[in-house]
Amino acid sequence: MPSATGPQRIVCLTEEPTEVLYALGEESRIVGISGFTVRPPRARKEKPKVSAFTSAKIDEILALEPDFVVGFSDIQADIARELVKAGVEVWISNHRSVAGIVDYIRRLGALVGAHEEAEAYARRAEAHVADVERAAAALPRRPRVYFEEWDEPPITGIRWVAELVRIAGGDDVFPERAEKPLARDRILADPSEVVRRSPDLILGSWCGKKFRPEKVAARAGWSAIPAVRDGELHEIKSPIILQPGPAALFDGLDALHRIIAAWAATH
């Protein structure tokens, strides 16, 4: 049963707090969610959708009388400021790593008085990551991977994605960019740099729209890339990889490992 301690009326501005709270059995506390929420599927049917990612329905959020609002990153700073000015307590997490995601599960659980459940869930996530890492260590070869999270302009993968690529058995070709927390610092001013780094796999997850491998393959000079030559362009759905929550550590990591293991088996 949900604890009587901690906030009782929570609005989740992004997907990951909703997924965590449902997993902990604390979904009754949630009074509003992000319109992008897909996990768990029943959340969309049960909870009103009051935010996107860069915008939110402030009046509708306030009408829900939340005692706690959870969001993510600098991109939601303006939303957070409006809610704080209205007297609402807001927590904007800013984790960007695999370890940060696991810690986020523990912290959110502690905030709602579900420490033991959160600890068990975090340990499950850690064990799954370790299992995939062991399986990846047995692969005969590691591919070089270019991960693209947006196409116009091309934006390389954020830190937790690069870490998950490594755990799954590959090597991100832009490790220096993965350390940059802001998307603007991961924009490829010169897309031909991907050609020079010669990835074996191209993985696309264009946040909010379908990945188009044929458009990527048609970029000037990209026919020389091994991944393009071999037809190794794959989509990973953004809800399971681009949100810094449990989805990335379970389904997202598994999707990465399946693609990488299949490549290793044929090369």
Side-chain angles (χ1 to χ4, degrees), residues 96-99 101 125-152 154-180 186 188 190-267:
R96 306 294 174 121
S97 66
V98 169
I101 295 172
E126 289 172 328
H128 185 71
V129 168
D131 287 345
V132 174
E133 193 164 26
R134 278 191 294 272
L139 296 176
R141 188 179 167 202
R142 297 179 66 88
R144 293 168 55 77
V145 179
Y146 168 57
F147 188 98
E148 185 172 280
E149 65 178 59
W150 192 248
D151 62 327
E152 295 177 342
I155 299 177
T156 63
I158 199 165
R159 179 178 170 181
W160 72 79
V161 172
E163 291 179 353
L164 290 172
V165 165
R166 179 191 58 76
I167 291 164
D171 293 308
D172 178 37
V173 297
F174 288 104
E176 76 284 0
R177 288 179 178 271
E179 296 300 315
K180 307 290 187 182
R186 289 180 280 110
L188 283 177
D190 180 10
S192 64
E193 182 61 28
V194 180
V195 181
R196 290 190 285 274
R197 301 205 182 192
S198 193
D200 301 298
L201 286 171
I202 293 176
L203 306 180
S205 186
W206 295 347
C207 190
K209 67 178 181 180
K210 184 175 175 58
F211 177 63
R212 300 284 300 279
E214 72 282 2
K215 288 185 65 176
V216 175
R219 291 173 184 169
W222 282 42
S223 60
I225 297 174
V228 175
R229 181 193 65 214
D230 298 337
E232 292 284 2
L233 297 90
H234 306 273
E235 180 177 30
I236 296 183
K237 299 294 185 181
S238 57
I240 65 168
I241 196 69
L242 291 185
Q243 59 135 313
L249 304 187
F250 290 99
D251 291 1
L253 178 56
D254 287 349
L256 287 170
H257 183 61
R258 279 194 299 270
I259 293 168
I260 290 170
W263 177 90
T266 57
H267 291 79

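Computed from a predicted structure; not experimentally measured.
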Salt bridge (charged side-chain N to carboxylate O under 4.0 Å, His left out) partners for R197, two or more places apart:
E176, E193

List in chain and number order the residues that pass salt bridge (charged side-chain N to carboxylate O under 4.0 Å, His left out) with E232, two or more places apart in sequence or in another chain; answer none if no residue qualifies.
none

Partners of S223 by side-chain contact (heavy atoms from CB on, under 4.5 Å), sequence neighbours excluded?
none

Between D131 and R134, is any pair of side-chain heavy atoms under 4.5 Å apart?
yes

Please give me the minimum heavy-atom distance between L139 and A168, naming the atom from each residue.
CD1-O, 4.2 Å

For R166, check side-chain hydrogen bond (donor to acceptor under 3.5 Å, both in side chains) against everything at least two apart and list the hits.
E133

Using the test side-chain hydrogen bond (donor to acceptor under 3.5 Å, both in side chains), find all partners of W222 that sit at least two apart in sequence or belong to another chain.
none

S238 meets the side-chain contact (heavy atoms from CB on, under 4.5 Å) criterion, sequence neighbours left out, with S205, L242

Please enumerate all residues that pass salt bridge (charged side-chain N to carboxylate O under 4.0 Å, His left out) together with D254, with sequence neighbours excluded.
none

Which atoms form the tightest heavy-atom contact between L253 and V129, and what is the distance?
CD2-CA, 3.9 Å

Not counting sequence neighbours, list each pair that qualifies as a ring-ring contact (aromatic ring centres under 6.0 Å, His included) and has a residue in residues 226-245.
none

K237: which residues meet the salt bridge (charged side-chain N to carboxylate O under 4.0 Å, His left out) condition with it, sequence neighbours left out?
E235

Looking only at atom types and distance, does a side-chain atom of R186 sit under 3.5 Å from a main-chain N or O of I155, one as donor and one as acceptor?
no

For S97, enumerate each residue passing the side-chain contact (heavy atoms from CB on, under 4.5 Å) test, keeping only those at least two apart in sequence or located in another chain.
A99, R159, E163

Evaluate side chain to side chain contact (heavy atoms under 4.5 Å, CB included) for L249 paired with L164, printing each intermediate quantity in order.
CA-CA 8 Å; L249 304 187; L164 290 172; 4.2 Å; yes

Between the main-chain N or O of R142 and the side-chain N or O of W263, is there a donor-acceptor pair closer than 3.5 Å?
no

Taken in chain and number order and not counting sequence neighbours, the residues that satisfy side-chain hydrogen bond (donor to acceptor under 3.5 Å, both in side chains) with K209 are D151

side-chain contact (heavy atoms from CB on, under 4.5 Å) filter on R229, not counting sequence neighbours, yields P226

